[in-house]
Structure formats: C-alpha cells, structure tokens
*Asks:* 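Here you go, one structure.
Chain naming here is simple, since letters A, B, ... match the order of the sequence lines and numbering starts at 1 in each.
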Protein chains: 4
Amino acid sequence: MARGVNKVILIGNLGQDPETRYTPNGNAVVNLNLATDESYKDRQTGQLVPKTEWHRIVMFGKIAEVAGQYLRKGSKVYIEGKLQTRKWQGQDGQDRYTTEVVVDINGQMQMLDSRGEGGGASQGAPQGRPQQSSQQGNYNAPAGPQGGQQGGYSQPAGGQGSGSMPEPVDDFDDDIPF
Amino acid sequence: MARGVNKVILIGNLGQDPETRYTPNGNAVVNLNLATDESYKDRQTGQLVPKTEWHRIVMFGKIAEVAGQYLRKGSKVYIEGKLQTRKWQGQDGQDRYTTEVVVDINGQMQMLDSRGEGGGASQGAPQGRPQQSSQQGNYNAPAGPQGGQQGGYSQPAGGQGSGSMPEPVDDFDDDIPF
Amino acid sequence: MARGVNKVILIGNLGQDPETRYTPNGNAVVNLNLATDESYKDRQTGQLVPKTEWHRIVMFGKIAEVAGQYLRKGSKVYIEGKLQTRKWQGQDGQDRYTTEVVVDINGQMQMLDSRGEGGGASQGAPQGRPQQSSQQGNYNAPAGPQGGQQGGYSQPAGGQGSGSMPEPVDDFDDDIPF
Amino acid sequence: MARGVNKVILIGNLGQDPETRYTPNGNAVVNLNLATDESYKDRQTGQLVPKTEWHRIVMFGKIAEVAGQYLRKGSKVYIEGKLQTRKWQGQDGQDRYTTEVVVDINGQMQMLDSRGEGGGASQGAPQGRPQQSSQQGNYNAPAGPQGGQQGGYSQPAGGQGSGSMPEPVDDFDDDIPF
DNA sequence: TTTT
DNA sequence: TTTT
C-alpha cells in the first residue's frame, strides 16, 4: 500500500548484458544499466548536442527472470518501476547513496526489439535459474555499492540457456478475478 | 501479460458520489465520473478559458471497495488505470461505443483530500459490502450504456457505513515475496 | 495550465497508415488507430486469451508532421497525450461521443521500430506539407464522427514524400533556456 | 528532442520549505525534498511497516517560481519530471553521484493541498524574485553536493512575498496554436 | 556502457 | 485494422 505515488517510466537501451543474481530462496534479481538519450540545442552554437542519461535498474521476480534471459547489451526496453535510494558504506567508511529504479511485482517491462531477436545468445554465459544446490555459498558477500537490497545474492553456478521468445511480463496480469 | 502499454494517469474531482455495484460473486464494481480541469489562453481574446474534461472510471476489486466507501462527490483523487472501449447497443439498435478508464488490480488509486475527511457522510447512502444474502436478484439487469463489463451487477441491498480513514489502496503491494 | 492531471501513455502498433489533414492555417493534424495488446488467462479454460484494445489518436503540430511522414501501418510507437471526449451529431440527430488521445505540444511520440525503416513508402500517397495554395477549399467540410476538433481541415492537394529518418519529436525540448 | 523516454511521476509531501536560487540571468531554480510513503506487510510479523522514500527535486523556470512561492514544508504535490544523475567531487577528491528529479519546461507540477492554503507563511523568509541588482555576487560559488547544474546560482537578497493562490503551472500549456 |  |  502506498501513501503516495512513486513511478518511473523509461524507454532506453541496455549498456551491457544484464547481471543476474539469486536470493537465498532462489528469487532472481537482475541489474541493468539503461541509457535514455536526449538531444538539446546549444544556446551558443545552435548545435544539436546529444546527451545520454544512465539509469541503474534493479528487477525482481518473474520480470527479472525474463529480463535476464532475453535482454542483452543494446536491447531496447520499456520499464516501469519506482525510485529507491539506498545507503551503503564507502571503503573510507563514509555513507554513500545510490538511486535505483526498482522494478518489482508492481512494475512492468516490455521488450521493444523487433521480431526474431528473442533468446539471442550474446557472448555472455547463458543465464538460467541455478540448481538448488548452487543457492548457497557466497550469497552473504558484503554488500558493496552494487550490493544487495535484501541480503546477499548467489551467483548462478551454471544454468541452461533460454529457449524461444517469451511472453511479455507483467506480473499478476493473469488470473485476474473478474 | 501485455504486449504493449496502456496506461492512464488522472488527477481530478468526482462529479458525483460513486456508484457501487456487485458482481454475482460479490466483487465490488464502482463507477465514477472524474473531472480534470485545464485552462488555456484564448488566442483571440487573450482570456484564460477554463475547460473541463470528464472521464468515466470503472473500478474493480479492493480498490473499488475503498473508493465506494470513502470517495464522495467533490473528492480529489489520483487514478491510474487503462483505457478500454466497449460496445453497446443503442435503443435504435445501433452500435455505440463508450471509452472508460479501467482501474483493476494493476491500477492504483490515491485519495488526495486532506486528513480527517475519511468516511465523510455526503447525502448518499452508506455503501458497504452487502451481505451474502443480498448478492442475488437483479444482477442480470440488461446492460445499458452504463452497463456492466463482465455480466451484470447487483445493487447492494444495504450495508454498514464506513469507519475511519482507510489505508490507500494499491493491490498486491503487500506481502511481496522479497 | 492545468488544474489536474490528464495523461495517457501507450505503446502499440498502427492499424493503418496515418491520415494527415491540415488546418486552414496549415497546421498538420494526424489521426491514428493504435492497437495495444494484452493477454489474460481465462478462468474457465486456463487458456491465454489475447485481447486487443484500439485507441483513436489525434496529433497536432510538429509531432503530427513527423507521424504523418514516418509512421506506417504496423509501426510500433510510444505515445503520450491526454484524454479528450468530443460530442458530435449522428445522422439520426442524436448526440454521440468519441474519446480520443490528443497528442499536442505537451505530448510526446517515439518511434520504436528499429533502424533503417524510416521514411518507408507504403502504398499510400506521400504525405508532405501542402503548398500554401492548397490550404483552402474544403476545410469547412461538415464535422462528422471523425470530424475536426478545431474547425475543419483541408486535405493536402499533393506534397513531396519524405526523406531520411527524422529526429524523434518532442516539441519544445530544444532551446530550453538553461 | 528525445531518443527515449525518461519520466518520473511523484506524489508526496515536502520535507522542508523549498530552497530558491537564481541563475545569473535571473531564472529561478528550486530544490525540494519530497517524501513518498509506502507501507508493506512484514513477512515475519505480518505487521504493516511504513517506509518513506525521499526524493531530491530540482525545478526550473516558471514552475520553480510558483513552487518557491507557494509550496511549504508539508505541502502535498504532484510532480512530473525526468531522472538525472550528476557527478560532483567529495571533499576527499573522489567522485560522487547524486540522482535528482528534474522538473523543467517539459515537466509538470500540481499543488494538491486543499483550497485556501495558498501563499501560506511558514517560518521561512518569503521567497520572491530578487531585484535585478541582487542577481550578482556569489553565483559562482563552488558547486558542492547540492551544487548547481548549470553554473552557480545567486541567493536572492530579498524579495516580496507571495499574494494569493496561483494558477497551477504547466508551462506552455497556454497559447497553443489550435 | 547503449542506441540513432 | 496492428503486432508477437
């Protein structure tokens, strides 16, 4: 429940392949860097100056799984989430703050690349859901600047790649009771 | 799941008290008329001309229940939903179309009136959830232009009024699995 | 100036080529039909049922010009506008209402088709800005159900086709005073 | 012009009175801290846990002027802007990043407090547009963590307070050419 | 670091 | 009437 509105809507391209991690209980968490571009006319020169804004995205749940499997460096995507700033400790012991766009069960994601891209490989390792047995080990790594929100994550030890193109993900859109 | 984005965001005031109905299985359905105001400068006269746009809102589920209990004529509200156009038959047998903003489990509502208004009276009858026993009868009334989306609705036979100010409603925000 | 918020955000595909008209003073007005898709799980069968919602879009100004030139049947597009319902008279003399998404100077449009589509021809006639001399004649045609908002429009007598891919359009984004 | 979408929509309350500064050429720049509240059900305890997210807002132009004059600590407001992260140097010489919601000519603001609040006093000094003569001096102060985006700002030396309730601000909504 |  |  929200006493307020906190909504972010972005359309942009991934700067790299997504990074997928897993919570101890096996839930996927995906980090993205998303670029949104804007050009503006320089008042002096009259030139059109390109300007890129980079956004740090964190995805959870089913959306995260789909993003981890199907998005790749360069992918164009629509994202709806909420702003969240978390505090972490720099190596100098001082507080730092990082603002992220959190896409959870209330958020939305739409892949905007055309037909036939799909489960494209990319050079990166395939990212599937890890075996149960891999969900242990380093998930309690110290939370760094990129660190975890809800405890630590385990890196998938392996996993089977994707298959064909997925349905778009908007959690809980299905099985609505009316 | 959505292969596209269909989102409406409104802030406005109710033109009348909400109308609450119930589906055969007891789910609340609320209809609202919402006014959003805009002024523009007349090019001829330079005068600031007010212009009101009226929106037809349909709410379902828990949001509908809260809306029915706490919103009243004049209430200011934030609404997030989706556009939907439905076809109905005019008395002349011709097709008509009505476009509505549907606020369901994926939507959001925020009451924007200040503290302490709450279950304010208004002249209308209090609208609570009807007794089980009342969920029958006329819910198969013919669907008119204002008619139902998913079959017919029953009018609540009675109900106990509201109490104090509710929590805002954003379905499924609670109990998120991370 | 707005005493309220009235915002629509859509991502979908055009059902046909855009229709471009011109106001007496030469401003472009474009009409689009936009489909947004959604699937939902049928409660009975458990089947995934596709559902398409059609939206009537009206664009003005610079955005309209770009849309008229570069969008085609099937194009995927992001649109931000506002809801507006206008009244018109049916042939039976009765009032009818049509709700549209108006994309004007405060709106936004983003073409989401990948690289290299651009000024693609389509089978339709090329749609450029008409000669001054063509901005007369039938612009006072009676406003029908698809009729004009602000007076009538003239159909472009001719025009030169498009060129290469345009910059995206977000009116007034340029030359911002800071 | 934007090759992408970068949009933030917030409804929340000010944590303090707005801070107004002015650019060398006299344009208002306002900083706000805005709280959006959300509650979630704790999985362990089942308790409803309140959670507040703080957002740093920067406003420019006419919107900034209105915000500086009429918003006060506690004011409830709707804001539409874009995400922007700027880099600054910590005292230790290291890079830091601050993410802000920028509300410029493409953004929107709506005051959501009920009627008759208006230019309410608050304990802070009234913040009006400074005299021309005051637009000099320290506007080249070193940019700190709260520092300027486009050069430095001058603090208003004084200014006359507000008057009555203003029209809401949505720049360029007026004088639209149709 | 992405896209056009 | 579009898309996947």
*Asks:* Find the distance A:Gln110:CD to F:dT2:P and express it as a whole number of Å.
*Replies:* 20 Å
*Asks:* Specify the separation, in whole Å, of atom CD1 of C:Ile11 and atom C1' of F:dT3.
*Replies:* 13 Å
*Asks:* Is C:Lys7 salt-bridged to D:Glu80, going by a charged N under 4.0 Å from an acidic O?
*Replies:* yes
*Asks:* Report the nucleotide, chosen from F:dT2, F:dT1, E:dT4, that has the shortest atom-to-atom distance to any side-chain atom of C:Asn33.
*Replies:* F:dT1
*Asks:* Which nucleotide, F:dT1, E:dT1, F:dT2, lies nearest any side-chain atom of C:Gln16?
*Replies:* F:dT1
*Asks:* Got a donor-acceptor pair under 3.5 Å from the side chain of B:Arg3 to the base of F:dT3?
*Replies:* no
*Asks:* Give the rounded distance in Å between these two atoms: CG of C:Leu34 and C1' of F:dT1.
*Replies:* 11 Å
*Asks:* Is there a donor in the side chain of D:Trp88 and an acceptor in the side chain of D:Thr98, or the other way round, less than 3.5 Å apart?
*Replies:* yes
*Asks:* At under 4.0 Å between heavy atoms, what does C:Thr36 touch on the DNA or RNA strands: base, sugar-phosphate, or nothing?
*Replies:* nothing
*Asks:* Could you tell me the separation between the CG atom of A:Asp113 and the C1' atom of E:dT4, rounded to a whole number of Å?
*Replies:* 13 Å
*Asks:* Between C:Leu112 (CG) and E:dT2 (P), how many Å, whole number?
*Replies:* 20 Å
*Asks:* Looking only at the side chain of A:Asp37 (C-beta and beyond, no hydrogens), which of the listed nucleotides F:dT1, E:dT3, F:dT2 gets closest?
*Replies:* E:dT3
*Asks:* Given side chains that start at C-beta, do those of B:Asp104 and B:Lys82 come closer than 4.5 Å, heavy atoms only?
*Replies:* yes
*Asks:* For the pair C:Lys73 and C:Asp17, find out whether any cationic side-chain nitrogen is under 4.0 Å from an anionic carboxylate oxygen.
*Replies:* no
*Asks:* Using whole Å, what does the distance between atom C1' of nucleotide E:dT1 and atom OH of D:Tyr97 come to?
*Replies:* 12 Å
*Asks:* Can you confirm whether the side chains of C:Lys51 and B:Gln84 place a donor and an acceptor under 3.5 Å from each other?
*Replies:* yes
*Asks:* Round to a whole Å and report the spacing from NZ of C:Lys51 to C1' of F:dT4.
*Replies:* 18 Å
*Asks:* Using atom CZ of C:Arg56 as one end and atom C1' of F:dT1 as the other, report the distance to the nearest whole Å.
*Replies:* 13 Å
*Asks:* For a quick check, tell me whether the side chain of A:Ser75 and the base of E:dT2 share a donor-acceptor pair closer than 3.5 Å.
*Replies:* no
